[in-house]
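Input: a single structure, listed below in structure tokens.
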Amino acid sequence: MHRSCFHIRPRGVSLIEAVISTAILALCVATIFQGLNFGYYSSLRATRVTESLARVTKRLEDINYIPYDSVTSNMFPVEYVCSTSATAIALVYAMTTSVRTVLLPIEYKVVTIDYAWRVRDSQRAARYFTIKTP
């Protein structure tokens, strides 16, 4: 009989291999959780952007249907929503509308809508304009 010169002997895992594989596994798990966290807050910010555009669009449509003489800053109060937790109050969004009348060269009203929102540390403010003519 011919004996093979290659004999594979089972051996255990060394301590260094176990530490390295555990570190790689921990890194993979941390990366997955970080990716899920990033995706969640990205979608939350996108939701706030969409919500803000919907609110501003509704306000602009309301201004479009209101008669010219009725469009004043007093007609549109400041809107804001706050969220509360056990220790803090945080602004979710705020919308202010200001109307100013311009007399030259023709009479018209400039309507400015300021909208600001916040998600955790991320905040955004936007300003929208429209002109209302008689």
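None of the values given here were measured: they were computed from a predicted structure. One is the number of the first residue; the rest follow in order along the sequence.
A chain of hydrophobic side-chain contacts below 4.5 Å, direct or via other Ile, Leu, Val, Met, Phe, Trp or Tyr residues, connects Ile106 to Phe129. Hydrophobic clustering keeps Ile66 apart from Val102 (ILVMFWY residues linked when any side-chain heavy atoms are closer than 4.5 Å, directly or through intermediates). Under a hydrophobic-cluster definition in which Ile, Leu, Val, Met, Phe, Trp and Tyr are linked whenever side-chain heavy atoms come within less than 4.5 Å, directly or via other members, Val56 and Val92 are assigned to the same cluster. In the hydrophobic clustering of ILVMFWY residues, with side-chain heavy atoms under 4.5 Å counting as a link, Met75 and Ile113 come out together. A single hydrophobic cluster is not seen to contain both Ile131 and Phe76; linkage of ILVMFWY side chains at heavy-atom distances under 4.5 Å, directly or through other members, places them apart.
Between Arg59 and the options Thr97, Val111, Thr130, a side chain to side chain contact (heavy atoms under 4.5 Å, CB included) holds for only Thr97.
For the atom pair CE of Met95 and OH of Tyr128, the computed distance is 10.5 Å after rounding to the nearest 0.5 Å.
Here the side chain of Ser73 pairs a donor or acceptor atom with the backbone of Val99 at under 3.5 angstrom. A donor-acceptor pair under 3.5 Å is formed between the side chain of Arg48 and the backbone N or O of Arg118.
Under the ring-ring contact (aromatic ring centres under 6.0 Å, His included) criterion, Tyr115 pairs with Tyr93, not counting sequence neighbours.
Contact record, Ala18 with Thr22: O-OG1, 2.7 Å, taken as the closest heavy-atom pair.
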Pairs under 3.5 angstrom only: tabulate donor-acceptor contacts from the side chains of residues 31-44 to other protein residues two or more places apart or in another chain.
residue: Thr31; atom: OG1; partner: Leu27; partner atom: O; Å: 2.7
residue: Ser42; atom: OG; partner: Phe38; partner atom: O; Å: 2.9
residue: Ser42; atom: OG; partner: Arg45; partner atom: NH2; Å: 3.3
residue: Ser43; atom: OG; partner: Gly39; partner atom: O; Å: 3.3
residue: Ser43; atom: OG; partner: Tyr40; partner atom: O; Å: 2.7

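The cationic atom of Lys132 (NZ for Lys, CZ for Arg) does not lie both less than 6.0 Å from the six-membered ring centre of Tyr108 and within 45° of the ring axis.
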